[in-house]
Amino acid sequence: MNSLSIIEKKRDRRPLTSEEIRFFIDGYTRGDIPDYQAAAWCMAIYLNGMTRQETIDLTLAMAESGDVLDLSSVLGAVVLDKHSSGGVGDKTTLVVLPLVVACGVPVAKMSGRGLSFSGGTLDKLESIDGYNTQLTHDQFIAQVRDHGIVLCGQTADLAPADAKLYALRDVTGTVPSKSLIAGSIMSKKIAAGATAIVLDVKCGRGAFMQSIDDARELAQIMVDIGAGLGRKVTALISDMSQPLGCAVGNALEVQEAIDTLRGHGPADFIEHCLMVAGHMLRLAGKHDNLADSRPILEEKLRDGSAWQIFRKLVDAQGGDVSQIDQPDRLPTAPVIVDVAAPATGRLSAIDAREIGIAALELGAGRHKKEDPVDHAVGLVIHKKIGDVTQSGDILFTVHARAEEAARQASERVLAAHEWSEQITKPPLFYDTITNP
Ligand code: URA
């Protein structure tokens, strides 16, 4: 077996064996297979796809390329996790984790950073002074044992093959392969010890998957990987044609998550969180159906218990709790500009990708992995698709470091809005694919 013959086999559309995939992943992780061969392999996969069995083998090989956590001694038989495929304004984890924990199900979650137009949970959390996202394996375990909740970056050496391959895919035009995305996401969940996973597969302009059919296919692949590897997986296909909620940008999103946990978040975001949390409780075996868990989840938001869990999380990870108690003490931008609607009419589109890029250009995201992020900057949209605006109403607010950056963002975000009487209001969710 050698790397060249494995590349040629994939190039010629012949399925790879489990041994060949393992050989390639292990060799690349060790550094025996060079980047140029791995790039050619990824491109062959991108162009020719993988069978389900190949995708399952790829996932397992990447999951086992480093440490694989076993959290069952701390969390019991069901180790629950969630993952979003990445979007704009997606601060769901900040609300959903405390909600689920408030219902009596502990959750130990590892999250990632933003890349390109899509935000990342770790960047958002680091808006809070002192919040430590880099826990050791022992700290991770101790915190979930003591507090029932932990939310940090990847500990130790989890799925190193994915980290290496993802960086390579990012610069070789091979990120959008469904097999590679599915393998990347699922390998990290499996390496982190998850046995029950709710996947939030975003679909639309602000997502990797632009069409419902593509999102459905990606979701189905990940559910099948779960079935193949003995994991329970529910994939929700959710809308990302417009931003989720109103805030886009790190501290602004933390503020919106706090508002939501205190009972007054945007309606679409609350509904989204309740749905994701409901599915997590179902997979955890807490409630058989969403109708049973719904009133309980609503009560956990209303009575402040989810909010108290979030405070506990921030405290346990060294964050300044007084700052989240008074969110006006979170980082704020020096230039804040309200932009008015130029037209009276019904909003028919708010291009999530353009909003994400505007936030990125303001400094809220990063072009390259090593770029720093500016926690204070971003955007708050005040109207959603289907809302009627009067000319002069405040449409959105730009939070910028400088006047010129605010001007450029204003132009871009204004151009991302469309008005028409012919509208199709996107649903929050398009589909659910689940096993079991
Ligand atoms: N998120 C991941 O973790 N991996 C991908 O390949 C794409 C999105």
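Counting starts at 1 for both ligands and their atoms, following the listed order.
Note that NZ of Lys300 is 10.0 Å distant from CG of Leu99, once rounded to the nearest 0.5 Å. Between Lys109 atom NZ and Leu97 atom CG the span is 7.0 Å, to the nearest 0.5 Å.
In this structure, a donor-acceptor pair under 3.5 Å is present between the side chains of Asp70 and Ser72.
In this structure, Ile181 is part of the shell of residues with a heavy atom less than 4.0 angstrom from ligand 1.
Which parts of ligand 1 touch Lys188 is read off a 4.0 Å heavy-atom cut-off, strictly below it: atoms 2 (C), 3 (O), 4 (N). Interface of Arg169 with ligand 1, defined as ligand atoms under 4.0 Å from a residue heavy atom, comprises 6 (O). Close contacts between ligand 1 and Ser184 involve ligand atoms 2 (C), 3 (O), 4 (N), 5 (C), 6 (O) [criterion: under 4.0 Å to a heavy atom]. Short contacts between ligand 1 and Tyr166, defined as distances under 4.0 Å to a heavy atom of the residue, involve ligand atoms 4 (N), 5 (C), 6 (O), 7 (C).
None of Thr51, Thr55, Asp57 except one satisfies the side chain to side chain donor-acceptor pair (under 3.5 Å) rule with Gln53; the exception is Asp57. Tested against Gln242, the residues Lys383, Lys384, Arg205 include a single side chain to side chain contact (heavy atoms under 4.5 Å, CB included) partner, Lys384.
At the shortest separation from atom 8 (C) of ligand 1 among protein heavy atoms lies Phe208 CE1, 3.7 Å. Closest to atom 1 (N) of ligand 1 among all protein heavy atoms lies Ile185 CG1, 3.8 Å.
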Criterion side-chain contact (heavy atoms from CB on, under 4.5 Å) on Lys202 and Ser84, from CA distance to verdict: CA-CA 7 Å; Lys202 304 284 185 196; Ser84 155; 3.7 Å; yes

